[in-house]
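Below you'll find the structure, written out as structure tokens, and then a few comments.
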Amino acid sequence: MDTPALSVRGLTMAYDGRVIQQDLDFDIPRGQIFVIMGGSGCGKSTLLRHLIGLQQPAAGRILYGGDEDYWAADETRQDALKRGSGVLFQGGALWSSLTLAENIALPLEEFTDLPAAAIREIVAVKLALVGLSGFENHYPAEISGGMKKRAGLARAMALNPDILFCDEPSAGLDPLSARRLDELLLELRASLGSTIVLVTHELASIFAVADQAIFLDAESRTMTASGNPHHLAQHGSALVRHFLARGEDA
Amino acid sequence: MPNQSARIDLQPDVDTLVLRCAGTWHWQQTLPAQPGLAGCKQVRLLAEEALEDNEGALLAWLLHLARNCQAQQIALDADGLPAGLGRLLALALAVPARPGKPEDNTSHFIQRLGETALRLWADLPQAAHFIGEVSQGLGRLLRGRANFRWRDFLWLLEDCGPRALPIASLISFLVGTILAYMGAVQLAQFGAQIYIADLVAIGMVREVGALMTGVILAGRTGAAFAAQIGTMQVNEEIDALRTLGLSPIDVLVLPRLLALLLMVPLLTLYAGVVGIGAGMLVATTVFGVGAREYFNETMLALSWTHILIGMLKGTVYGALVAFAGCLRGMQCGRSAQAVGEATTSAVVTSILLITVSASILTIMFQRMGI
Ligand SMILES: Nc1ncnc2c1ncn2[C@@H]1O[C@H](COP(=O)(O)OP(=O)(O)O)[C@@H](O)[C@H]1O
Ligand SMILES: [Mg+2]
């Protein structure tokens, strides 16, 4: 077996001493689509912030490539690890003073020596992949919430990251765009071998794309299930089965 | 139909409390008190035919009752309620209340004063840390290793400099006029109007030009910095920079600091020139001083020392404004309200710092005899 892309060991997350989730333990296998499920407010976005090094764990470790402790690494190494992952934030987090094209070009300008013409081409391809061709010169304030999400995804993919983190990518999208997005994620995994970590509520897309899923429970403040969603829908705890019940028949 | 007021009729049984809800429930009237539950094992709810609860007052009352019952592990039988009300109550109870944050008690004035003082104190290490980070960023920039974006820098240069000219012109002109008038009224008493030129030139170039520029920049540019960076904090744009390993100091703070530092001496100089022009206008039109005379006197009065001191002061004020604006922006919380607070705080901090440093600098130069 390959080493996992990311491992979480005994992770406890807290804000000002208020524990959000505790004792999380799981591996994110390479080249798979890994879904984080759970009711709203249970700490999914917070978990994502821990996985990408934006927030320091109250306890426990985040291991990259199976054994490299993120918070034990020095700053240069942390930056390199961060650069190997692309992040789509819950609100898109596009830089509002830049156009969509400039948003996607910025990581390429900062971290590659590609000529401007090549960068333009890459930007055009990424925008086309998320269905936003022709919006190169729009500013984030001029597009809808769902479009911001998609543009954010295009930016997250700019550097062809090994791991892609997406916080509710299909929230606020119409069903057709949401399906296209699922297809895009599957395609990224198949053609680039990307590892994709997905926070989502969309049951249809969970069943369509997830290889593995974990379920965070707001009540017990810990992970109550992990496995393939089809398996969980049959054999998970009552709560997880209930959560997944409305997607099976969809 | 008589509009009966809200009522709860108690019918205590052996260990069951039967509550009969009746009347029309309004928020405007005092609602019945919650019944004591001591000693009972079950609460049964019944309803009268004429029960009305269009505003949800009864629902709120029942929710309290149900939570009390849950807390004391008393069974609640709501089958006797009208179907709609029963379903709403069941829905409201479906997810148990989670212990949340305690309410923010609106505290007493004295307490708030104390908290503010503590916060100012707690600010110091953060400010020191920020200065440290900015210095490191400057070091990286000098070694050519910072992620400095020249395009942003050029845009900021334009925003801090040329775009501030209209307001700077207006204020400097008015201040120059005031200075000339106030001086002239005194000087004219012994026929020394010509010294208006000295007063205005030295006053504007050495002190007031820099001070006015600092204050204008605090309200205009410092506030904008705090709002820009604060909004980026709210929208997770700064997190997006961090996840690329880009330092927000390099990308956001350095260009702002440098743009302001470059522009502020020029603005100070400009303010001085406009002020002198205003003084000349007043002196020639109102107090009968010749334009050529005035010009010559101004040239005599001004020395490079005055000009350099003025520009130095302006630069210090500009640095303080940029520092306060960027610091408050970076400290901004994650809500729209926090952006407003950051902006206000940036202006207040800037003006406070400008005032303090103006006093220190003036005394310092006085002591040095220049
Ligand atoms: N900056 C913050 N400060 C304090 N508490 C927070 C902050 N952000 C989120 N929380 C709390 O953490 C919990 C989880 O939030 P979040 O991770 O955003 O949930 P999810 O993404 O699963 O909906 C919530 O209870 C929320 O109130
Ligand atoms: Mg979330």
Side-chain angles (χ1 to χ4, degrees), chain A residues 15-20 39-42 45 48-49 51-55 75-98 102-111 140-141 148 151-152 155-156 158-159 161 163-165 167 218-221, chain B residues 94-102 104 122 132-133 136-137 139-140 143-156 158-159 224-225 227-252 255-256 259 329 333-336 339:
Chain A
Y15 285 106
D16 310 319
R18 191 166 65 98
V19 172
I20 307 294
S40 63
C42 69
S45 298
L48 217 54
R49 293 176 64 82
L51 294 182
I52 58 184
L54 279 180
Q55 218 165 315
E75 218 168 297
T76 326
R77 182 63 192 150
Q78 287 183 347
D79 284 349
L81 289 174
K82 278 187 207 152
R83 231 162 277 150
S85 42
V87 185
L88 165 60
F89 286 89
Q90 193 162 358
L94 296 169
W95 295 303
S96 46
S97 62
L98 304 181
E102 290 167 341
N103 260 282
I104 300 165
L106 190 141
L108 294 162
E109 287 164 1
E110 293 291 337
F111 301 115
K148 279 183 206 161
R155 185 182 67 187
L159 292 171
I163 315 183
L164 189 62
F165 297 91
D167 199 344
E219 211 46 53
S220 59
R221 302 201 192 140
Chain B
V95 177
R98 252 187 281 169
K101 277 211 273 196
D104 278 341
E133 279 189 308
Q136 282 180 357
R140 282 195 296 272
R143 278 178 284 137
R145 298 251 292 279
N147 303 104
F148 192 80
R149 296 183 57 81
W150 289 97
R151 263 209 345 218
D152 293 358
F153 177 66
L154 292 180
W155 185 86
L156 284 161
E158 187 190 332
D159 191 58
F225 287 178
Q228 288 158 1
I229 297 180
T231 310
M232 294 185 72
Q233 198 77 264
V234 174
N235 291 338
E236 299 184 297
E237 292 175 49
I238 293 188
D239 289 333
L241 287 177
R242 288 214 170 97
T243 54
L244 283 171
L246 287 171
S247 151
I249 300 286
D250 292 9
V251 179
L252 300 174
R256 285 177 167 75
R334 292 186 177 269
S335 68
V339 176

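So that the names make sense, note that chain A is the first sequence line, chain B the second, and so on, each numbered from 1. Just so it is clear, the model here is predicted, and its values are computed rather than measured.
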- What heavy-atom pair brings B/Glu237 and A/Ser96 nearest, and what distance separates the two atoms?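 Smallest interatomic distance, heavy atoms only, reads OE1-N, 2.9 Å.
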
- Query: Which pair of non-hydrogen atoms, one from A/Ala93 and one from B/Ala240, has the smallest distance, and what is that distance?
  - Reply: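 Nearest heavy atoms, A/Ala93 then B/Ala240: O-CB, 3.9 Å.
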
Does any backbone or side-chain atom of [X] lie under 4.5 Å from a heavy atom of chain B? Answer side chain, backbone, both or neither.
X        : value
A/Leu81  : neither
A/Leu159 : side chain
A/Phe165 : neither
A/Glu109 : side chain
A/Glu102 : side chain

- Item | Heavy-atom side-chain contact between A/Leu106 and B/Arg149 under 4.5 Å |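 Of all side-chain heavy-atom pairs linking B/Arg149 with A/Leu106, at least one is under 4.5 Å.
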
- Query: Above 12 or not: heavy atoms from other molecules or residues under 6.0 Å from CZ of B/Arg145?
  - Reply: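 It does not: B/Arg145 CZ has 12 such atoms or fewer within range.
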
- Against chain A, work out which of B/Leu244, B/Asn235, B/Leu246 has the most heavy-atom pairs shorter than 4.5 Å and name it.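 If we count pairs closer than 4.5 Å to chain A, B/Leu244 comes out on top.
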
- Message: side chain to side chain contact (heavy atoms under 4.5 Å, CB included) for B/Asp239 and A/Arg49? Distances and angles first, verdict last.
- Response: CA-CA 9 Å; B/Asp239 289 333; A/Arg49 293 176 64 82; 2.9 Å; yes

Once rounded to the nearest 0.5 Å, what's the spacing between atom [atom1] of [X] and atom [atom2] of [Y]?
X        : Y        : atom1 : atom2 : answer
B/Thr243 : A/Asp79  : OG1   : CG    : 10.5 Å
A/Ser97  : B/Arg151 : OG    : CZ    : 9.0 Å
A/Asp167 : B/Glu236 : CG    : CD    : 7.5 Å

- Side-chain donor/acceptor of A/Glu110 to backbone N/O of B/Asn147, under 3.5 Å: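 Flag not set: sc A/Glu110 to bb B/Asn147 has no pair under 3.5 Å.
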
- Message: Below 4.5 Å, heavy-atom pairs only: which of A/Lys82, A/Glu219, A/Arg155 has the largest tally toward chain B?
- Response: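 Counting heavy-atom pairs under 4.5 Å, the top option is A/Lys82.
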
